[in-house]
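None of the values given here were measured: they were computed from a predicted structure.
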2 protein chains.
Amino acid sequence: MKKTSILNKLRSSGLRPTKQRVEIAKLLFNRDKTFHFTVESLGKHLAKKTTTKFALATIYNTVHAFKKAGHLSEVHLRGKNNTTYFDTNISNHHHFYDSETSELIDINDNEIKFDKIPKAPNGKTIKNLEVIINLKN
Amino acid sequence: MKKTSILNKLRSSGLRPTKQRVEIAKLLFNRDKTFHFTVESLGKHLAKKTTTKFALATIYNTVHAFKKAGHLSEVHLRGKNNTTYFDTNISNHHHFYDSETSELIDINDNEIKFDKIPKAPNGKTIKNLEVIINLKN
DNA sequence: GACTTACTTTAGAACTATTATAAACTTTAA
DNA sequence: TTAAAGTTTATAATAGTTCTAAAGTAAGTC
C-alpha cells in the first residue's frame, strides 16, 4: 500500500496525519494478510517497530476512528482476557478462535455455506451472521 | 422444577444450599423457557423477587459454580456493555443478538444447517461452532 | 514564514466488569 | 452442641477502556 493510500485512510476517517496516526495506519494497512489485534498487542507492535511514543488513548482513538470509517472491523467475540479484537479484514467473513492461544484465524465467506437459516424474529431483520469455530488441540 | 431438583443442582455443583444460592437456583432453574442474563441483570431480578440480600461476589461465585458444573453456559459474545451473558440453555444451540436492546434469543441447533464447513487448521480440532445472527429493526 | 484556530497527544484520573481478600457468619456432621 | 469446613459480605484490587484538561501540532491565512 502506498503512502497516498495511508493518507487516504486517515483523511477518509476524518483524521489529520500526525506522526502517531501515520505509524498506526502503516502498521495496520501496509500488509497483505489480514491482521487481528487488540489495542494492547497493537501498542506492543508499535513500540517494537517504531521509535515514536504512543499514549494508549491515542491508539484507542485512532483504532476507533478507523473502525467508524469502515477501515477496520471489530470481532464480536468475548476472548479469554475480555479484550476487544479488531480485524483489518472488513469483508464479510468468519473466524476460527483458539482460546488457548487467544488467536483468531480468518475463514473466508465462501468456506462456509448454509443449508438452512432461521428467519429473524418478529419485526427484526438480519443484519449479519457471524460464525466462530472454537478450536482445541 | 422441584425443590429436590434445585438441591441437586446445588449439590452437583459442589455448593451447600445456603439461602442465597437456593434463591439464585430457583430463579434460574424454576422456569420453562431459556433464560439469558448477566450477573447484573440477575442481581436485579433477585432484588425484585426476593427479600434476601445478595452481595455481587456471591452471585458471581454461584453463577460460576453452576457454569463449571455444566448447569449454565456462557455466551461467547461481546455485548455492547462488555458484559458476560449466561444462558440456562446448555444444549448445543445458537443465538440471535439484538445489539440495540442487548437481547439474546436462542436458535435451536436444528434451525441452522451447514452445507460446508472448513477444516480446522493444522493440528487443531474443532471444539464447537457458534453462530451469532445480529439483528436490526 | 508567523499567526491563529482547530485539532491532537498525553498522563493520569475515572469508570465498569470482574476477581480477590479477610473477617463475620452458617452449615454440617459427629 | 460444638468444631471444622464452607459461605457471605463489604471492600479492595485488577484490567480493559474512556474521559479530561493541559501542552503540543497541523493547516490555512496573511
Side-chain angles (χ1 to χ4, degrees), chain A residues 3 6-25 27 36-47 50-69 72 74-86 102 104, chain B residues 3 6-25 27 36-47 50-69 72 74-86 102 104:
Chain A
K3 205 169 182 180
I6 290 296
L7 293 180
N8 284 335
K9 285 273 196 305
L10 287 166
R11 267 192 227 105
S12 60
S13 307
L15 298 177
R16 286 183 181 173
T18 63
K19 192 166 49 167
Q20 282 80 0
R21 287 166 175 177
V22 170
E23 292 291 0
I24 292 171
L27 185 49
H36 296 105
F37 63 96
T38 64
V39 166
E40 197 199 8
S41 74
L42 178 54
K44 284 184 187 163
H45 277 275
L46 288 165
T50 76
T51 55
T52 309
K53 281 266 178 186
F54 295 85
L56 251 192
T58 301
I59 306 178
Y60 273 102
N61 289 341
T62 306
V63 165
H64 284 150
F66 284 143
K67 187 198 154 192
K68 200 170 172 187
L72 288 176
E74 187 177 326
V75 183
H76 216 182
L77 168 85
R78 196 182 157 74
K80 187 167 25 187
N81 4 257
N82 192 20
T83 53
T84 306
Y85 287 91
F86 295 91
S102 299
L104 279 172
Chain B
K3 204 170 183 180
I6 290 297
L7 293 180
N8 283 336
K9 285 272 196 304
L10 288 167
R11 267 192 226 105
S12 61
S13 307
L15 299 177
R16 286 182 181 177
T18 64
K19 191 164 50 165
Q20 282 80 1
R21 288 166 173 176
V22 170
E23 293 291 359
I24 292 172
L27 185 49
H36 297 105
F37 63 95
T38 65
V39 166
E40 198 200 7
S41 74
L42 178 53
K44 284 184 186 161
H45 277 274
L46 289 165
T50 76
T51 56
T52 308
K53 281 267 180 185
F54 294 86
L56 253 191
T58 301
I59 306 178
Y60 274 102
N61 289 340
T62 306
V63 164
H64 284 150
F66 283 144
K67 186 197 154 193
K68 200 170 173 188
L72 288 175
E74 188 177 325
V75 183
H76 215 184
L77 168 86
R78 196 182 157 73
K80 186 167 28 189
N81 3 256
N82 190 21
T83 53
T84 306
Y85 287 91
F86 295 91
S102 299
L104 280 172

Do any side-chain nitrogens or oxygens of [X] fall under 4.0 Å of OP1 or OP2 in [N]?
X	N	result
His64(A)	dT18(D)	yes
Thr83(A)	dG16(D)	no
Arg21(B)	dT27(C)	no
Tyr60(A)	dT18(D)	no
Gln20(A)	dT25(D)	no

*Are Lys19(A) and Glu23(A) ion-paired here, with the side-chain N under 4.0 Å from a carboxylate O?*
no

Can you figure out which of [options] approaches the side chain of [X] most closely?
X	options	result
Ala57(B)	dT17(D), dA17(C), dA10(D)	dA10(D)
Thr84(A)	dT8(C), dT17(D), dT19(C)	dT17(D)
Arg16(B)	dT17(D), dT28(C), dA27(D)	dT28(C)
Arg78(B)	dT8(C), dT17(D), dA10(D)	dT17(D)

*With no hydrogens and no angle check, is any side-chain donor or acceptor of Thr50(B) less than 3.5 Å from a backbone partner on Leu46(B)?*
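Present.
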
*asked:* Using a 3.5 Å distance criterion without hydrogens, assess whether the side chain of Ser12(A) forms a donor-acceptor pair with backbone atoms of Asn8(A).
replied: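 Yes, because the side chain of Ser12(A) sits within donor-acceptor range (under 3.5 Å) of the backbone of Asn8(A).
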
Just the rounded figure in Å: distance from [atom2] of [N] to [atom1] of [X].
X	N	atom1	atom2	result
Glu23(A)	dT9(C)	CD	C1'	15 Å
Tyr85(A)	dG16(D)	OH	C1'	13 Å
Leu46(B)	dT9(D)	CG	P	11 Å
Leu10(B)	dT8(D)	CG	P	10 Å
Asn61(B)	dT9(D)	CG	P	11 Å
Lys44(B)	dA17(C)	NZ	P	9 Å
Leu56(B)	dA20(C)	CG	C1'	14 Å
Phe37(B)	dT18(C)	CZ	C1'	15 Å

*Which distance, rounded to the nearest 0.5 Å, do you find between the CZ of Phe37(A) and the OG1 of Thr83(A)?*
11.5 Å

Determine the contact category for [X]: base if any of its heavy atoms lies under 4.0 Å from a base atom, sugar-phosphate if only primed atoms, P, OP1 or OP2 are that close, otherwise nothing.
X	value
Thr38(B)	nothing
Lys19(B)	nothing
Leu15(A)	sugar-phosphate
Gly14(A)	sugar-phosphate
Thr18(A)	sugar-phosphate

_Nearest heavy atoms of Arg78(A) and Glu74(B), plus distance in Å_ =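 The pair with the smallest heavy-atom distance is NE-OE2, 3.7 Å.
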
*Test side chain to side chain contact (heavy atoms under 4.5 Å, CB included) applied to Leu15(B) and Thr62(B), Asn61(B), Leu7(B), the passing residue*: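 It is Thr62(B), the one option of Thr62(B), Asn61(B), Leu7(B) that forms the side chain to side chain contact (heavy atoms under 4.5 Å, CB included) with Leu15(B).
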
*Pick the nucleotide of DNA chain C nearest each of Phe86(B) and Pro17(B); which residue has the one closer to the 5' end?*
Phe86(B)

